Amino acid sequence: MKFLLLPQTLHDGEVHCMAISNDSTVLVTGGKDNTINLWNVAQLLDISNLDNDANNKDTRVRIDQLQPLQQIKCQESFMNNIQWIPGSYNSFISTTSKGHVYFHELGFEAKVTSKQIYPFKVEQTGLSPIVDVSISRDGKLVAWSSTDGKLSIYDLQRNTLQELLSPAEDNLVVQRSIAFNGVTNYLTSIGDDTQITLFQYEYDPYTKLYKFRLVNKISKLFSKNPLNVRYKRVSWSPDGELISIPTASKGQTSLISLVSSTKSWTTTASLVGHDLTCEVTKFSRHLYSETRVEENNLYNVIASGGSDGTIAIWNTSKTSPIMVLKHVVDAQIYDIVWTINSSILFCTSKGNLGILRFYPDELGYEVSTNEMNELKAVSVKSMKPMNFRYEYEQVSGNRKTLPPIEYIDQATAIVATGENYKTRETRQTRQAHETKMQVDESEKTTTIEKVDPTITKGQIVPEVVTAATPIEDVKAITTQKEVPDKPSPKLTAKEKEPKSPSTTATSQPQSQPPTQSQPQPNLSKQKITTKDGKRRIQPILISNNGTSATNNSKLTQSQPIPEDGVKSAMEFDPPSYSVSEEFSRSKRARTEEQLPNGNGDITKKPKREMEPVKFIGSVVLNPNVSFAKVRLPTPKIRFGFQLKSKKVGDEFFTLDIKNGSGNEAKPSRVTYFKRDKEIWCDFVPKFVHLACEGSNFWAVATADGEILTYSHISGKRLLPPLILGAPISFLESHGKFLMVVTCIGEMYVWDLELKKIELKTSIASLLELGSKLQETGLTKSDFLTLCAITSQGIPLVTCSNGSGYLYNKNLGIWQTITESWWAFGSHYWDSVDTDKTKAPQSLNMFDEEESIIQLLEQKTNEEIMRKSRSGRGKLYNKISKNMIMKEGFESLENTISISHLENRILCCELLGENKDFHQYFCIYVQRICELGYKAKLYEVCDELLGPIDQDKDSSDVKGWNPKICGLDKRELLKEVIDLCSQYRDSQRVLYHFSKKLGLVEEE
C-alpha cells in the first residue's frame, strides 16, 4: 500500500466533494472556490507511483506543476456535492450551497457544457442549500435533500420535479444523506432525527411515470444525535444487499452499522474503530474472497473517513479494521471514491487530495463476474413487490380491512417550462392519475354517514366522496365503477407470481404491473335500517358483486372501446424456463465433473437456473414447452376485452369477451353486439386471451392453445376447435387468412374459405439461435416485435434486431425485407413517397393505400433508435467515419443503395405491391444509368423485352411472363428508354432495345 498527499492547496483550502467517471478516466472535484476541477486519473496515478530511486526529484517537480484538465466556474457559492450519472461516461450532476443544481456534459478536448436544471428560473432567490445528492441506477432520476427538510426527485427525461418528503413547519428534519441502490429499486435517506427512511420505486411502462412508496423507517441504530456533522455519506454494497450507515452510535461509542436489505433491514455488523464521528463511507466496487479457488467466504471492503482525519479500511468478515491510516490530514475527511478496479482510493480533506494505492490482491481476490451476477440476482429476488403488505401495517376502522397503499407518483409533478414552471398534466398523465384514483377508491371501505336514531323508516343510499375527488365528479366515477372491467380474484392471484424475468419476450418492461383491486360489493343496493338505536344493514351475496349476471353481460354505454378497435393494452407472461428432468440431471452432472481443480479453473455457471419438470403426475405444464428450442411470451389473461368490428357501414358492431373462472362452473362468455343489442353468444369453459376478425369469420384463442372459429353474422361454428398443443402468442388475420404463432415458435396460416392449411413453418431461423446456443441452458435471443399477414396470405415478421422478413411459399423459406445495414448506408432508406402524415402502428389490417415496405422500414428505425442512445445523427455518422474514409470503400454507399433498391423491387414483386414496384423500378434504372452500370441495365431491359420473335401474349415461351406486378413489361421498357435517354453512357444500350421495339428506324 502507498499513500500520497498532493502538496497543492485546492479550492481555496476546502475540497468538499469529488466523483470519478464510470471508466475511471476523469476525476471531478469541487469546493469552496465555486469551481469544478477535472483531473486526468492516469496522470494522477502516474505521479503516485513513486519509487526510491534517483527519479524522485523529477517526479516531485511534476507534482508541483500538476494542473487540472479543465475548470468550470459556477455561481457565487461553493460546490458541496458531485455525482456521476451511472451508465454515462461524460455527464455528471453538481450542487451548490445556495440551492442550485447543474447538469454538466464533457465534450471533445475536455470542453464542458453546463446547464442549470434547478431552480427553473435562473435568477430565482430564496433557495435552501443542498445537503446531498444521488442518482438512480438507470440515470434518469436525481434526488437531493435541502436544509428546509425536503427530499426532491428530478426526472432528467421529463424535466419534472416532485417532493418525496416535506416536513411540517414545527418538525423540521434535515435529510443529511441520501443514496440510490445500484442493483435494486431502493432509495434511502438519513435525517438529523436519527431516523433512516427507505423508499421503493418502480417505472410504470403504460403511464411512463415513476411511482414511489415509503416502505420502512429505522430509528434504532442511533442512541444519540451527533452534533456539528455536515455530511453523513452512506453507501450501498456492489451486490445491493448491504448499506453502510456512518455516525451510528451505541451508548457513547461511535460506529458504522451495516444494514441488510435481504434480512428485513436488520443490522448484520457494527464496525468500531474511529475515535470521533465517522461521516463518510464508501464500498469497494468488487466483492472479495480469501482464497483464489474457493468463493464461499465472500466479503466486502469499505473505506471510511471521519473528523479525526483518519482513513480506515474494513473487511466485512471481521469486526476490526484491516488497516488504519491515522491523521493522514489535519482536518476532516469530506469525501472518498474508489476507481473501477478498486485498487486506487481517492480522498479529499481541507484543501488536499490524497491517493491511496493497493498492491494486487492486497485486499483479497476479486470474485468473478458470474458470481457477482448471482448475488445481484438474490438481492433483486428478495425485493418485495410494490403492493406487498408489511407486518407493521395495521387495519383501519371496524371492518378489519387494511388501508389502501399510498403511492407518490409523477402525475402531479412540477414541469420545467424555461422562464416559469407550474403543475401541468398531459392527457396521458391525467388518465393514469384518474385510473389510480378509481383503483384506490375501490380499495377503500365504504363509509356510511351517521343516521339519527329516531328515524326508523326509509332507505339510505350512501355515496363515497373522498377529499381528492371533486363532488361534481362523483357521479362520473360511480358510473365507471359499475363497468365490469376489473379482474376477478383468481386471475389476479395468477398474475402475481411470474416465473422469471422475460428475456425473449416482446418489448415489455421488467417491472411488475400495478396491483388491481378485487371487486367490492355494491353497498348502494343494501337496505339500511335502525332498530333500538343501532344501524342494521341487510346482507347481500357477494359471489356476483351484488348484481345479476344479466346486467354484467350487457354492453353498457360507459364501457371503454379502443379507438383503433383492434389493439388494446395487454401484459405478457414471461416465457417458460422449464426443462426436462433428464436435461437438468445431465447439467448437474457436467457441473460436478468440472468443479474447481488445483489449477484454479472455475466452472462457468449458467445464466439462469432452469426449472426441472417431472412429467409423472404433472398436469400443469405441457411437455412440448419443456423440449422446445424457442420460448415466446404469451399474453396475460384479462378479465375482459372488446374488439370493434371492421365491417363497413354506419352500424356499430362489437365482439365482447368476459372471462369466467376457466371451468364449467363459470365459463367465459363471447358475445357479439350491434350497438347494445346482442346478436349471438357462446360460452367457453376456458380462459380466452386473444381474438381477431377476418372478412367472414371471428377467431378466438384460449389459454391452453385452442382456436374457435365463428361465422361473422350468425356466430355459427366454422370448424371444430383447432388444437395447437401450446399457448398462442400471436393471433392475426386479414381477409380470408388466419395466422397463429405459438409460444414454441410454430407458425400456421389457414385459408378459412377453402378450410385448408396454407402453410406451416417455424420462426426459429429468424432468432439467430445458432449463434446463441450453449449447452449450459437457455439463453437470451432476439424476440419478435410484430407479426402480421397480408391479403395474399404472406406472413410478415419483424424482430428486435431491426430486420423484417416475409415467408416465400414457393421457395418454402424466410426472406429478408429490411435490415439495419441498409439504414446505415443506403441513400434511399425510408424514402417511400406517401401522402399520409402518420403511419399506422400495426399491420393487423392493411389499407389498400398503405405501403408495407414503409411500415417495416419504420419498425427497423424504431429498433435502431431503441438500441442506440447517442442519437440518430451520431448513429448514422458512424459509417462515414469508420468506412467511407478508408481506402477501398469509396463506392460503399452506392453499392449498398443499389442492393437496397434491388431487394425492394424483389419484395414488392412477391408482396404484390404494384404502386411501390413501379416507383422503385424507375428510381433503380435511373440510378444504374447515373453510375454507368451498363451490364445491369442491359440485363434489366432484356428481361423486359422478352422473346421478340414470338407473340408477346404467349407466356409459355421460355417461361416468360409478359406482365410483372400488373404492368406490361414492354410498355415498362418504353418508359425506361424515355426516362434514361438523357444519360450518355447508357444511350448505346437503350438505342439497341429501341430498334428491337421499333421505336427508331434502322439506317
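Because the structure is predicted, anything quoted here is derived from the model rather than measured.
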Asker: Side-chain contact test, heavy atoms from C-beta onward, threshold under 4.5 Å: evaluate it for Leu997 versus Lys974 and give yes or no.
Answerer: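 They are in side-chain contact.
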Asker: Is the backbone N or O of Asp985 less than 3.5 Å from a side-chain atom of Lys934, with the two atoms forming a donor-acceptor pair by type?
Answerer: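 No.
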Asker: Take Val749 and Met739 through the side-chain contact (heavy atoms from CB on, under 4.5 Å) test and state the conclusion after the steps.
Answerer: CA-CA 4 Å; Val749 177; Met739 182 184 71; 3.9 Å; yes
Asker: Measure from the side-chain N and O atoms of Gln987 to the backbone N and O of Ser981, and report whether any donor-acceptor pair falls under 3.5 Å.
Answerer: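 A pair under 3.5 Å: yes.
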Asker: For the residue pair Tyr672 and Phe653, categorise the inter-ring angle as parallel (less than 30°), tilted (30 to 60°) or perpendicular (more than 60°).
Answerer: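 Rings of Tyr672 and Phe653: parallel, under 30°.
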Asker: Is there a side-chain contact between Ile789 and Leu738, using heavy atoms and a 4.5 Å cut-off?
Answerer: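 They are not in contact (no side-chain heavy atoms under 4.5 Å apart), so the answer is no.
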Asker: With Arg904 as reference, evaluate Glu909, Glu913, Glu857 under the side-chain hydrogen bond (donor to acceptor under 3.5 Å, both in side chains) test and give the passing residue.
Answerer: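 Of all the options given, the one that passes is Glu857.
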Asker: Will you find, in the side chains of Glu863 and Ser820, an N or O donor that is under 3.5 Å from an N or O acceptor?
Answerer: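 Judged by distance alone, the side chains do not pair up.
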Asker: Less than 4.5 Å apart, any side-chain heavy atom of Trp750 and any of Ile707?
Answerer: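 In short, these two side chains touch, coming nearer than 4.5 Å.
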Asker: Once you round to the nearest 0.5 Å, how far does CD1 of Ile852 lie from CG of Leu911?
Answerer: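 One finds 5.0 Å between CD1 of Ile852 and CG of Leu911.
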Asker: Say whether Thr785 and Ser800, considering side chains only, have a donor N or O and an acceptor N or O under 3.5 Å apart.
Answerer: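 Side-chain D/A pair, Thr785 to Ser800: absent.
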Asker: Tell me if a side-chain donor or acceptor on Thr634 pairs with a main-chain N or O of Ile728 at a distance below 3.5 Å.
Answerer: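 Such a contact is absent between Thr634 side chain and Ile728 backbone.
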Asker: Would you say that Leu731 contacts Val740 through its side chain, given a criterion of any heavy-atom pair below 4.5 Å between the two side chains?
Answerer: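 Yes, close enough: below the 4.5 Å cut-off.
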Asker: Compare all side-chain heavy atoms of Leu990 with those of Leu937 and state whether any distance is below 4.5 angstrom.
Answerer: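 Touching, per the 4.5 Å side-chain cut-off.
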Asker: Is a side-chain donor or acceptor of Thr860 paired with a backbone partner of Gly802 at a separation under 3.5 angstrom?
Answerer: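 Yes; at least one donor-acceptor contact below 3.5 Å.
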Asker: Quick check: do Tyr805 and Cys799 have side-chain heavy atoms less than 4.5 Å from each other?
Answerer: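 Counting from C-beta outward, Tyr805 and Cys799 do come under 4.5 Å.
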Asker: Could you go through His918 and Cys965, starting from their C-alpha distance and side-chain angles, then the distance that decides it, and tell me whether this counts as side-chain contact (heavy atoms from CB on, under 4.5 Å)?
Answerer: CA-CA 8 Å; His918 183 263; Cys965 280; over 6 Å; no
Asker: Is a side-chain N or O of Trp814 found less than 3.5 angstrom from the main chain of Ser762, in a donor-acceptor match?
Answerer: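 Confirmed, Trp814 side chain pairs with Ser762 backbone.
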Asker: Could you check whether any side-chain heavy atom of Phe993 comes within less than 4.5 Å of a side-chain heavy atom of Val976, counting everything from C-beta outward?
Answerer: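 Contact flag for Phe993/Val976 side chains = no.
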Asker: Just how far is it from atom CG of Leu906 to atom CG of Leu901, taken to the nearest 0.5 Å?
Answerer: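 Output value for this atom pair is 11.0 Å.
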Asker: Return yes if some donor-acceptor pair links the side-chain N/O of Asn903 with the main-chain N/O of Thr818 below 3.5 Å, else return no.
Answerer: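 The answer is no, because no donor-acceptor pair under 3.5 Å joins these two groups.
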Asker: Quick one: CG on Leu967 to CG on Leu972, what's the gap to the nearest 0.5 Å?
Answerer: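 These two atoms lie 6.0 Å from each other.
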Asker: Determine, step by step, whether His900 and His827 satisfy the side-chain contact (heavy atoms from CB on, under 4.5 Å) criterion, reporting the C-alpha distance in whole Å, the side-chain angles of both residues, the deciding distance to 0.1 Å, and the verdict.
Answerer: CA-CA 9 Å; His900 179 217; His827 293 144; over 6 Å; no
Asker: Heavy-atom count around Glu939 CD within 6.0 Å, excluding the residue itself: above 12?
Answerer: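 Counting neighbours around CD of Glu939, 12 or fewer heavy atoms of other residues, nucleotides or ligands fall under 6.0 Å, so no.
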Asker: Output the distance between atom CD (Glu971) and atom CG (Leu944), rounded to the nearest 0.5 Å.
Answerer: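 So the CD of Glu971 and the CG of Leu944 are separated by 11.5 Å.
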Asker: Do Ser695 side-chain atoms and Gly735 backbone N/O form a donor-acceptor pair below 3.5 Å?
Answerer: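 Yes: the side chain of Ser695 pairs with the backbone of Gly735.
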Asker: Determine, stepwise, if the pair Met747 / Val741 fulfils side-chain contact (heavy atoms from CB on, under 4.5 Å).
Answerer: CA-CA 5 Å; Met747 176 180 284; Val741 178; 3.7 Å; yes
Asker: Do the non-hydrogen side-chain atoms of Leu655 and Val670 ever get within less than 4.5 Å of each other?
Answerer: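 A side-chain contact under 4.5 Å exists here.
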Asker: Judged by atom type as modelled, is there a donor-acceptor pair below 3.5 Å linking the side chain of Trp829 to the main-chain atoms of Ser897?
Answerer: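 Judged by distance alone, no pair lies under 3.5 Å.
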Asker: Parallel, tilted or perpendicular: which fits the ring planes of Tyr924 and Phe921, with parallel below 30° and perpendicular above 60°?
Answerer: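 Geometry flag for Phe921 against Tyr924: tilted rings.
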